[in-house]
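Proteins get letters first, then strands, A, B, ... in listed order; numbering begins at 1 in each.
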Amino acid sequence: MSIYDTLNPEQKEAVLHTEGPLLILAGAGSGKTRVLIHRIAYLMEQGVNPWNILAITFTNKAAGEMRDRVDKLVGFGSESVWVSTFHSTCVRILRRYIDRLGFDNSFSIYDTDDQKSVMKEVCKLLQIDTKIMKERYLLSAISRAKDELKGPLDLQLEASENYYQERVMEAYMEYQSQLRKNNALDFDDLIVKTVELFQNCPDVLEYYQDRFRYIMVDEYQDTNTAQFKLIQLLASKYRNLCVVGDDDQSIYKFRGANIKNILNFEEVFPDAKVIRLEQNYRSTQNILNVANGVIRNNMGRKEKRLWTENEEGKPIVFRQFLNAFEEAEYIVEDIRRHVREGEADYQDYAILYRTNAQSRLFEEKLIFANIPYKLIGGVNFYARKEIKDLLAYLKIIDNGRDDLAVRRVINVPKRGIGATTLNRVQDYATAYGIGLYDALLRADEIPGLGRSSSKIRPFTVLIQTMRSKMEYCSLTELMEAVLEETGYRKELELEDTEESQGRLENIDELLSKVTAYEESAETPTLSGFLEEVALVADIDNLESDSNCVVLMTLHSAKGLEFPYVYMVGMEDGIFPSYMSLDAENPEEEIEEERRLCYVGITRSKKELTITAAQQRMIRGQTMYNNISRFVREIPQECMSHVGKKEKQTERQKQATYIQARNNFRAKPFEPKQFTVKKASSLEYSEGDRVRHIKFGEGTVLEITEGGKDYEVRVDFDSAGVKRMFASFAKLRKI
DNA sequence: GGTTGGAAACTTTTT
DNA sequence: GTTTCCAACC
């Protein structure tokens, strides 16, 4: 018996079809990764050199998983198969050849924060009023252009009449020239520049075409135009391109993913073989019915119907709660009960939500219940201030042209170098066409600097010392030296607050990451480390061996599976998000949200619980949302309603809706009036001592009875006299 | 040049 | 409710 006998006929067909273009339409849980791995094994068995095989994924986690599974299945030789993400593949190519495009091979990679700083500078230069045109808007316009492989001039051709478009174009141009000056690339550039390289240098292209004779792309539905072009260029010589995807799981349109790449694959490659994988090995029949019932409402998809031989399973559970507080409480309690009864481990549970902001309540409740959890997303580890500061030092040591990094830390810790000094240096640098750091080296020659030049010297001396240290020190030692010599660690230690403590812990974690890198890399270099760090996503840090409940957004959950899944906050306005409801093309946007819902549902293997709250605080405002339209699309026979709102009548639903609508329309000063329930009497009276949650203790001066509520005047010991509504103030008699 | 407090914006999703 | 930004002050 061979390893291929465990595959079903369609999977087997996909594995054996090695030559020419191949499109695998793989439904959720249909074993697509399995197919890819077996395909790699089969290729090698057929005598294909492992280093001629390229497998591309989107996240490092997916790449790492595939790497492990290939190693297990194939063993010897598998290490030569190139398994990596789009971005790291491009970085590897660019590190070798980007000098052909006039960049230095030790370029920096800019993250979202860095991009914003550059754009700020650009707006200042071009006198763009950022109150009217936000940096974020400009950056996303530029990013969208890059996703489509469009340069500034292409934008100009498209809408030369439009003033705003014109300004975007100018900003785009200036932004690119700033990046070039700093010898830096942003995330999108990694792909764009690689395509550019291939188009300008046929010899380089041919080298990689010969290198990658067999190409496989995972999550193909998420590729954007630039990534498609990249793949197309690489594959055009041997045409052995195998793409795997599911149009129903395309959820990254906002990031430029072009769903046409998968829908039109057969037009671009007319001789493409198409194989559908529709048997699901993950979920119960019932969960699949739910998923099918929801996704059915989308138009313009490739029709497919998931089926399974798995058992029917329990009906999914829908519950509505009064507020988000109770929602979180119930779920945490539910998990705790299951685990205590020995039904499952914590790691079998995932709580999925639409936005990162929703995680907080669950975290609080989980901490309170003493349940270990892992939070994915939110503020990326590498986006934290202290981490970025230290990395900036390393970047300066590594790439002397990274002005942004210099600006970031020239005065961190404080060296008494302020904006005025920095501007003078910048002017000098611009005048002589040199980088900021090089100008700092010549501080003595810069006019108007005066005594400030003496403050600059310690900084440049520090960097120079570090550079020479790099010759004979390990990266860990270098990093330690930076921490000591700059006084960065000392400063935090002296601060000695809870916050600085946390920062120090983060720094320690960074140090251990440096050490780990040095131990694992073949030839560890500073550039190599910075690069690895620039390209990690949060999801990459999800270890499978820790027994934790997992909290993450629906987006992050793609590609994962859990026995028990909670999809929370299922309310119109949250999910689907109000952004999609208010969009110019709501139908299209809601279809994307629906696909996201489909992704969420199909993450669960055994049981799925869907919850909603009647009222919810958003940005300090109470909102009343309808139950999500997606919940209503679920076939009734698959679902059991429980909870006090089990039999919510049409009339009640209507009432909620009207309330919500009124809330939307209400003027800022009267929105909450209908939420007020006037107490029949108050537990305190005039002259009593009371406690307020924020203002502390005080004496009640006066209670006035209004139509809807009592108005109370209190003289607080520390905050003075305040006037407040009794129902909001929640005053307690002492 | 640095610190502080209050206002304003903010949250859809990420390599 | 939280973070970021900016102006006014030290």
Whichever of A/Thr420 and A/Phe187 has its nearest DNA chain B nucleotide further upstream toward 5': A/Thr420

Between [X] ([atom1]) and [N] ([atom2]), how many Å, whole number?
X	N	atom1	atom2	answer
A/Asn60	B/dT15	CG	P	9 Å
A/Lys61	B/dT14	NZ	P	15 Å
A/Ile376	B/dT15	CD1	P	11 Å
A/Ile56	B/dT15	CD1	C1'	13 Å
A/Asp113	B/dT15	CG	P	14 Å
A/Asn224	B/dT14	CG	C1'	12 Å

Pair listing, side-chain hydrogen bond (donor to acceptor under 3.5 Å, both in side chains) test, anchored in residues 223-234 of chain A, at least two apart: A/Asp147-A/Asn224, A/Thr223-A/Asn261, A/Thr225-A/Asn258

Check ion pair A/Arg616-A/Glu327 (N to O, under 4.0 angstrom): yes

Carboxylate-amine/guanidinium contact A/Arg594 A/Glu633, below 4.0 Å: yes

Donor-acceptor side-chain pairing of A/Gln221 and A/Glu219 below 3.5 angstrom: yes

Side-chain H-bond candidate by donor/acceptor type, A/Thr85 with A/Ser88, under 3.5 Å: yes

A/Arg95 charged N/C atom sitting above A/Phe107 aromatic ring, 6.0 Å / 45°: yes

Heavy-atom closest pair, residues A/Ala405 and A/Ala392: CB-O, 3.7 Å

Contact summary for A/Ile410 and A/Arg415, nearest pair of heavy atoms: O-NH1, 2.7 Å

Nucleotides bounding contact with chain A, strand DNA chain C, heavy-atom threshold 4.0 Å: C/dG1 to C/dC5

When we call it a touch if two heavy atoms are under 4.0 Å apart, what does [X] touch: a base, just sugar-phosphate, or nothing?
X	answer
A/Glu592	nothing
A/Tyr252	sugar-phosphate
A/Thr421	sugar-phosphate
A/Lys120	sugar-phosphate
A/Phe58	sugar-phosphate

Any residue meeting salt bridge (Lys or Arg N to Asp or Glu O under 4.0 Å) with A/Asp389, in chain and number order, not counting sequence neighbours: A/Lys385, A/Arg408

Set of ring pair (Phe, Tyr, Trp, His ring centres under 6.0 Å) partners for A/Phe254, sequence neighbours left out: A/Tyr252, A/His555

Quick one: is [N] close enough that its OP1 or OP2 comes under 4.0 Å of any side-chain N or O from [X]?
X	N	value
A/Ser556	B/dT13	no
A/Ser88	B/dT15	no
A/Asn356	B/dT14	yes
A/Thr553	B/dT14	yes

A/Phe325 atom CZ, over 12 foreign heavy atoms within 6.0 Å: no

Heavy atoms of other groups near A/Lys116 NZ, more than 12 under 6.0 Å: no

A/Lys146 and A/Ile191: CA distance, side-chain angles, deciding distance, side chain to side chain contact (heavy atoms under 4.5 Å, CB included) verdict: CA-CA 9 Å; A/Lys146 287 182 178 176; A/Ile191 315 286; over 6 Å; no

Heavy-atom protein contacts under 4.0 Å, nucleotides 2-10 of chain B, coded B base, S sugar-phosphate only, - none: SS------B

From B/dG1, B/dT13, B/dT11, nucleotide with atom closest to A/Phe254 side chain: B/dT13

Nucleic acid contacts - residues 565-573 of chain A versus DNA chain B, non-hydrogen atoms under 4.0 Å: none

Whole-angstrom distance between C/dC6 and B/dT11, as gauged at atom C1': 22 Å

